S.K.: 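Let me begin by handing over the structure; questions about it come next.
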Amino acid sequence: MVIVMGNDHSAVDLKHEIKAHLEARGYEVRDFGTDSRESCDYAYYGEKVGRAVAAGEADLGILICGTGVGISLAANKVKGIRACVCSEPFSAKLSKMHNDTNILAFGARVVGSELAKMIVDEWLGAKFEGGRHQRRVDQIMEIENR
Ligand code: RB5
């Protein structure tokens, strides 16, 4: 399982904590940066991670900015991406089970590192249920073709 990560300047420390957490659990992590605390633009990282996931170069993506909002909006502009911002584990888990999200985002200014790890663990541990949820996900993805 390959997970690609991206973040802006507000999330460098949290990114490294989550990356170490994932690697300790056996995931292969590709880190698209940034590792700089100088102000940068989150859209670049959201798109980069989105394109890697959409192209099948990674199985899943994790994005972190100050709120998780801007970077997930950018990722969602890439065809094939279903990114969601989660500040608690329940939504993260259900986003995989019902919405088949392929990118998880959260905010370094919103959640602490332990909560972030729980959010990530619930998301990674959940499985898409398919069935009626597949129909609904298909309806979402068809919007990209109109
Ligand atoms: C950067 O200051 C901040 O706007 C960004 O990290 C993110 O929260 C945007 O959605």
Side-chain angles (χ1 to χ4, degrees), residues 1-128 133 136-146:
M1 168 79 78
V2 177
I3 298 176
V4 65
M5 294 189 75
N7 60 282
D8 74 1
H9 55 280
S10 68
V12 175
D13 293 333
L14 184 56
K15 187 268 302 286
H16 282 297
E17 249 193 88
I18 297 299
K19 186 178 170 184
H21 178 77
L22 292 170
E23 286 172 342
R25 278 153 185 75
Y27 294 100
E28 181 184 336
V29 179
R30 294 196 194 135
D31 181 358
F32 284 179
T34 184
D35 275 334
S36 168
R37 287 174 180 77
E38 269 187 42
S39 185
C40 66
D41 298 329
Y42 51 77
Y44 172 80
Y45 299 97
E47 180 182 359
K48 208 170 170 196
V49 165
R51 292 209 182 280
V53 173
E57 292 161 17
D59 299 291
L60 295 169
I62 294 179
L63 290 169
I64 322 172
C65 65
T67 59
V69 175
I71 204 161
S72 62
L73 290 175
N76 272 318
K77 293 296 179 189
V78 176
K79 197 170 182 178
I81 294 304
R82 291 175 301 283
C84 73
V85 191
C86 294
S87 300
E88 35 73 30
F90 181 77
S91 299
K93 180 177 179 175
L94 269 289
S95 84
K96 182 76 83 59
M97 291 169 67
H98 289 187
N99 314 113
D100 199 18
T101 45
N102 47 17
I103 293 183
L104 173 70
F106 43 87
R109 294 172 177 157
V110 181
V111 297
S113 61
E114 293 309 312
L115 181 54
K117 287 174 199 168
M118 287 178 72
I119 291 168
V120 165
D121 289 347
E122 287 294 323
W123 185 64
L124 290 173
K127 282 197 169 46
F128 180 51
H133 302 298
R136 293 161 185 167
V137 169
D138 288 345
Q139 289 167 356
I140 294 170
M141 302 323 284
E142 278 164 21
I143 297 169
E144 293 181 336
N145 300 318
R146 293 204 281 272

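The structure presented is a predicted model; accordingly, all values stated were derived computationally and were not measured. Indexing begins at 1, ligand by ligand and atom by atom, following the structure's order. Values below: all heavy atoms of this structure, side chains included; hydrogens, waters and symmetry mates excluded.
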S.K.: Considering non-hydrogen atoms of the protein only, which is the closest contact for atom 9 (C) of ligand 1, and what is the distance?
M.R.: Y42 CE2, 3.4 Å
S.K.: If I apply the N/O under 3.5 Å rule, does C65 come out as touching ligand 1?
M.R.: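 In fact, backbone or side chain, C65 has no N or O that close.
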S.K.: For atom 8 (O) of ligand 1, find the nearest protein heavy atom and state the residue, atom name and distance (0.1 Å precision).
M.R.: T67 N, 2.9 Å
S.K.: Examine I71 against ligand 1 and note whether any of their N/O atoms are separated by less than 3.5 Å.
M.R.: no
S.K.: Would K79 and N145 count as having a side-chain donor-acceptor pair, cut-off 3.5 Å?
M.R.: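 There is such a pair (donor and acceptor under 3.5 Å, judged by atom type) between the side chains of K79 and N145.
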S.K.: Nearest protein heavy atom to atom 10 (O) of ligand 1, by residue and atom, and its distance?
M.R.: G70 N, 2.9 Å
S.K.: Only heavy atoms of G66, strictly under 4.0 Å: list the atoms of ligand 1 that pass.
M.R.: 5 (C), 6 (O), 7 (C), 8 (O)
S.K.: Who's the nearest protein heavy-atom neighbour of atom 6 (O) of ligand 1, and how far?
M.R.: D8 OD2, 2.5 Å
S.K.: Determine whether the side chains of S10 and D8 contain a donor N or O and an acceptor N or O closer than 3.5 Å.
M.R.: yes
S.K.: Only heavy atoms of S10, strictly under 4.0 Å: list the atoms of ligand 1 that pass.
M.R.: 6 (O)
S.K.: Among I119, V120, I3, D13, find the one that has a side-chain contact (heavy atoms from CB on, under 4.5 Å) with I18.
M.R.: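 Checked I119, V120, I3, D13 against I18; only one passes side-chain contact (heavy atoms from CB on, under 4.5 Å): V120.
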S.K.: Taking A83's backbone N and O only, do any of them form a donor-acceptor pair with N76's side chain (distance below 3.5 Å, no angle check)?
M.R.: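 At least one qualifying donor-acceptor pair exists.
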S.K.: Check whether any side-chain heavy atom of Y42 lies under 4.5 Å from a side-chain heavy atom of L73, and answer yes or no.
M.R.: no
S.K.: Do ligand 1 and R109 have nitrogen or oxygen atoms that lie under 3.5 Å from each other?
M.R.: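 It does: an N or O of R109 is found under 3.5 Å from an N or O of ligand 1.
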S.K.: Hey, are R30 and E57 close enough for a salt bridge, meaning a charged N less than 4.0 Å from a carboxylate O?
M.R.: no
S.K.: Is a side-chain donor-acceptor pair under 3.5 Å present for H21 with D121?
M.R.: yes
